[in-house]
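Here the structure comes first, spelled out in structure tokens, and everything after it is commentary.
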Amino acid sequence: MAKAKQKPSARLPSGYDAWLLDCVPATGCDVCAANWRQLAACKQSGDVAQAARHATEIRDHTSGVHGRP
């Protein structure tokens with residue numbers, strides 16, 4: 001059986017990764033810190049999709065848990 005050719009991955013516009021991964025972890029929060037470390041590791045390895053998941057976790061966590069009065 002012949003291998004199917006893999007399509008090249010899509011190229012995102014310049015600056016899109018920065019927008020996608022933009023987040024600020026809450027100071028002193030272990031959950032935010034863990035996601036921040038994982039986000040940095042994924043960015044370094046080039047796994048932007050997984051890095052975006054960690055950025056989303058940070059945004060959701062900081063606006064949810066930490067955003068409550």
(message) If the condition is side chain to side chain donor-acceptor pair (under 3.5 Å), which residues does R37 pass it with, not counting sequence neighbours?
(response) none

(request) Tell me yes or no: between the side chains of T56 and R53, is some donor less than 3.5 Å from an acceptor? (result) no

(message) Any non-hydrogen side-chain atom of L20 less than 4.5 Å from a side-chain atom of V48?
(response) yes

(message) If you compare all heavy atoms of A26 against all heavy atoms of C32, which two are closest, and at what distance to 0.1 Å?
(response) N-SG, 3.5 Å

(request) Give, for atom SG of C23 and atom CD1 of I58, the distance between the pair rounded to the nearest 0.5 Å. (result) 4.0 Å

(message) Determine whether a donor-acceptor pair (N or O, by modelled atom type, separation under 3.5 Å) exists between the side chain of R59 and the backbone of L21.
(response) no

(request) Please name all residues satisfying side chain to side chain contact (heavy atoms under 4.5 Å, CB included) with E57, sequence neighbours left out, ordered by chain then number. (result) N35

